[in-house]
Amino acid sequence: MPRKSLRSSKQKANPVDDGGSRMTEKKFLTFSPFSTFLVQDDDNVNHKFQKNNICAILPSDRSPEESLELWQYWIGQVVEIRAEEHEDGTNTVWVKVKWFYNAQDTSSALKSFDASVIDPWERLESDMHDYVESLAFEDVVNLKTFDERDPFQSFIPRETFFSRYQLGYKSRQLKPKPSTTGCSCGQPYNPNDMDASMVMHFCPRPSCRRAFHQRCLVNAKSKESLNRTVTVIDPIKADTKAQASRKPRQSTSKQASLKQVGPTLSPRSLRLLACSPDTDEVVDLASLIPLTIVTQTAEDASDSSRPRKRARTSKQSSATQEALLEQPRSLVDVLGDMPGDLIRIAEQPLVRGGAFVHGGITGNICFVSRARQLVYSILEGEALPDDWESVIFQEEGTSIDNAIVTLKGATRSIPPVVCPNCQSAI
């Protein structure tokens with residue numbers, strides 16, 4: 001909702017001193033330094049501002065009496081605070097701020113900049129500084145950094161200030177370059193594009209870590225075909241000697257034909273699950289399941305009804321012992337013992353975009369990446385944490401709704417796209 005300024009005595013962000021001349025660095029440094037300043041509102045409530053705060057500041061072209069949405073304010077970071085002392089004992093507090101530019105300000109500095117891909121809440125961190133009177137400050141706000149290539153980027157909900165680019169005002173450059181973080185088509189990620197075919201699929205592998213428009217992937221035929229083979233399968237039966245010398249298997253495309261695996265996990269789901277944010281290799285899920293070594297004495301062998309004893313590293317029995325390897329549990333069984341919601345999250349494609357409304361700005365990428373790591377650790381024998389949901393949903397107010405991909409306006413199911421670089425399911 002539009003909001004009026006908290007303080008009717010508010011001033012515009014105008015770097016001009018009482019004498020009408022522009023505030024300069026030289027003059028600013030003659031004032032007394034302070035670590036904080038207070039601004040009192042009409043209800044006599046003090047609002048505290050201090051160094052490094054990110055703040056909403058009333059624009060110089062807007063009146064304090066106007067009702068503004070929060071995103072319409074200028075955003076600046078407090079760099080330094082100094083007070084100009086007057087002969088009558090009063091003072092004027094001046095603040096050196098570093099500006100975070102909105103789309104309009106950025107397009108005026110960079111003529112080639114496409115402002116349409118910038119969210120109203122998005123700001124570009126600039127290298128420009130200015131001097132602002134304290135009464136122009138509205139509130140302290142939260143501005144999150146958005147790294148488009150980080151699979152564990154914290155979830156950023158909509159209507160939250162965020163920044164993904166740095167603007168060199170004098171050099172007229174953006175860092176990182178949009179073409180290096182987004183789709184191969186060169187078009188940056190637009191959080192407000194509601195076209196379901198323009199959501200972006202992210203590849204979490206360390207050597208990739210880029211997102212691609214769904215439409216671009218489909219047009220480039222970066223999709224799985226019906227002839228594609230399963231690269232992650234259940235353990236096959238083997239004799240004891242083969243199991244004893246078993247090493248982690250490298251998945252190959254010749255391991256099995258495309259078949260349904262388990263009651264709910266499709267081959268596509270398994271391929272998604274096997275795409276890890278921690279390695280460039282396809283994770284062979286079955287090989288993560290540990291073997292269990294047991295020992296059997298001659299006496300044990302004669303009484304099969306007695307339970308087997310686990311192998312010990314010391315105080316061995318004088319009786320002859322034989323090391324045996326138990327057949328590992330099947331992948332489907334182990335996955336089936338995990339919470340259904342955990343598997344459902346881990347097998348999701350990593351997606352962000354305007355049509356993924358519950359995905360906020362950043363999509364479900366951090367949730368799915370955390371869920372896959374948790375699944376891997378459980379497959380390796382680790383216990384399921386009692387609070388496993390909090391391991392995945394670390395950001396306040398998030399839930400499974402933010403992780404499961406549902407696209408507004410979509411008329412078809414999500415196509416089985418793959419990364420054009422590494423061919424991973426994404």
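Note that the numbering runs from 1 along the sequence shown for the chain. Side-chain atoms are counted along with the backbone in the values below, which use heavy atoms only and exclude waters and symmetry mates.
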### Listed partners of D127 passing side-chain contact (heavy atoms from CB on, under 4.5 Å), at least two apart
Y169
#### Entry: Beyond-backbone contact of I54 with V140, side-chain heavy atoms, under 4.5 angstrom
no
### Task
Would you kindly say whether S276 and T279 are connected by a side-chain donor-acceptor distance under 3.5 Å?
no
### Message
Distance check, rounded to the nearest 0.5 Å: Y165 atom OH versus F113 atom CZ?
### Response
7.5 Å
### Query
Where do I365 and R352 land on the side-chain contact (heavy atoms from CB on, under 4.5 Å) test, with the steps shown first?
CA-CA 8 Å; I365 294 167; R352 57 176 172 242; 3.2 Å; yes
#### Entry: From CA spacing to verdict: salt bridge (charged side-chain N to carboxylate O under 4.0 Å, His left out), R370, E395
CA-CA 12 Å; R370 295 168 188 162; E395 294 80 3; 2.8 Å; yes
### Task
Calculate, to the nearest 0.5 Å, the distance between atoms CD1 and CG belonging to I118 and N190 respectively.
8.5 Å
### Query
Got a sec, which residues hit salt bridge (Lys or Arg N to Asp or Glu O under 4.0 Å) with R205, two or more places apart in sequence or on another chain?
none
### Message
Is it the case that atom CG in D387 sees more than 12 heavy atoms from other parts of the structure closer than 6.0 Å?
### Response
yes
### Any donor-acceptor pair under 3.5 Å from Y189 side chain to I361 backbone
yes
### Message
I'd like to check L143 versus S163 (side-chain heavy atoms, cut-off strictly below 4.5 Å). Are they in contact?
### Response
yes
### Query
Does the side chain of C422 reach to within under 4.5 Å of the side chain of S207, using non-hydrogen atoms?
no
## Note on the structure
Distance col, row L38:CG vs S134:OG, nearest 0.5 angstrom, shows 9.5 Å
### Message
Show every salt bridge (charged side-chain N to carboxylate O under 4.0 Å, His left out) that has at least one partner inside residues 154-166, sequence neighbours left out.
### Response
E122-R164, E148-R164
### Query
Taking side chain as C-beta onward, heavy atoms only, is M128 less than 4.5 Å from L167?
no
### Summary
Heavy atoms of Q77 and N52 approach each other most closely as NE2-O, 3.3 Å
### Query
Which atom names give the shortest non-hydrogen contact between A346 and V368, and what distance separates them?
O-CG1, 3.8 Å
## Note on the structure
When rounded to the nearest 0.5 Å, the distance separating SG of C208 from CZ of R149 is 9.0 Å
### Task
May I ask you to say whether R82 pairs ionically with E133, meaning some side-chain N is under 4.0 Å from a carboxylate O?
no
### Message
If only side-chain N and O atoms count, and only distance matters, is there a donor-acceptor pair under 3.5 Å linking E382 with S377?
### Response
no
### Query
Is it true that a side-chain atom of S126 and a backbone atom of W99 form a donor plus acceptor pair closer than 3.5 Å?
yes
### Query
Under 4.5 Å between any side-chain heavy atoms of I156 and Q153, yes or no?
yes
### Message
To check you understand the geometry: which heavy-atom pair defines the closest contact between F137 and C55, and what is its length?
### Response
CD2-CB, 3.7 Å
### Message
Run the side-chain contact (heavy atoms from CB on, under 4.5 Å) test on N102 and R123 for me, step by step, so that the C-alpha distance in whole Å, both residues' side-chain angles and the decisive distance to 0.1 Å come before the verdict.
### Response
CA-CA 5 Å; N102 59 27; R123 297 295 186 268; 3.9 Å; yes
### Pairing residues for D337 by the side chain to side chain donor-acceptor pair (under 3.5 Å) criterion, not counting sequence neighbours
R329
### Query
Can you check whether V405's main-chain N or O pairs, donor with acceptor, with Q348's side chain at less than 3.5 Å?
yes
## Note on the structure
The reported gap from CZ in F146 to CG in D119 (rounded to nearest 0.5 angstrom) is 10.5 Å
### Message
Going by side-chain contact (heavy atoms from CB on, under 4.5 Å), name the residues that satisfy it together with T406, two or more places apart in sequence or in a different chain.
### Response
H358
### Task
Quick one: list whatever passes side-chain contact (heavy atoms from CB on, under 4.5 Å) with S222, sequence neighbours left out.
L217, A220, V418, P420
### Task
Compare all side-chain heavy atoms of L374 with those of L342 and state whether any distance is below 4.5 angstrom.
yes
### Query
Are a donor atom and an acceptor atom from the side chains of H47 and D139 found within less than 3.5 Å of each other?
no
### Message
Does anything in residues 178-199 form a salt bridge (charged side-chain N to carboxylate O under 4.0 Å, His left out)? List the pairs, not counting sequence neighbours.
### Response
D195-R215
### Message
Counting the benzene-type ring for Trp, do F212 and F202 have ring centres under 6.0 Å apart?
### Response
no
### Query
Who pairs with P206 by side-chain contact (heavy atoms from CB on, under 4.5 Å), at least two apart in sequence or on another chain?
R209, D280
### Query
Where is the tightest heavy-atom contact between L272 and E347, given as atom of each residue plus distance?
CD1-O, 3.1 Å
### Query
Is there side-chain contact between N364 and N402, with heavy atoms separated by less than 4.5 Å?
no
### Message
For a quick test of reading the model, state the closest non-hydrogen atom pair linking P349 to H201 and the distance between them.
### Response
CB-ND1, 4.2 Å
### Shortest non-hydrogen separation from L68 to R62 and the atoms involved
CD2-NH2, 2.9 Å
#### Entry: Pairwise side-chain contact, M200 with V351, heavy-atom cut-off 4.5 Å (strictly under)
no
### Query
Can you list every pair that meets ring pair (Phe, Tyr, Trp, His ring centres under 6.0 Å) and has a residue in residues 369-423, with sequence neighbours left out?
F367-F393
### Query
Which residues pass the salt bridge (Lys or Arg N to Asp or Glu O under 4.0 Å) test with R210, sequence neighbours left out?
none
### Query
Could you give all pairs that pass the salt bridge (charged side-chain N to carboxylate O under 4.0 Å, His left out) test and reach residues 97-113, with sequence neighbours left out?
K98-E125
### Message
So, using ring pair (Phe, Tyr, Trp, His ring centres under 6.0 Å) as the criterion, who are the partners of F161 when residues are at least two apart?
### Response
W121
#### Entry: Separation of N142 CG from N53 CG (nearest 0.5 Å)
11.0 Å
### Task
Please step through side-chain contact (heavy atoms from CB on, under 4.5 Å) for the pair Q373 and D278, ending with a clear verdict.
CA-CA 8 Å; Q373 284 187 329; D278 300 315; 2.8 Å; yes
### Query
Pick from H213, M194, Q214: which one makes a side chain to side chain contact (heavy atoms under 4.5 Å, CB included) with V199?
Q214
### Query
V141 and I75: side-chain contact (heavy atoms from CB on, under 4.5 Å), yes or no, with the steps?
CA-CA 9 Å; V141 300; I75 301 298; 4.2 Å; yes
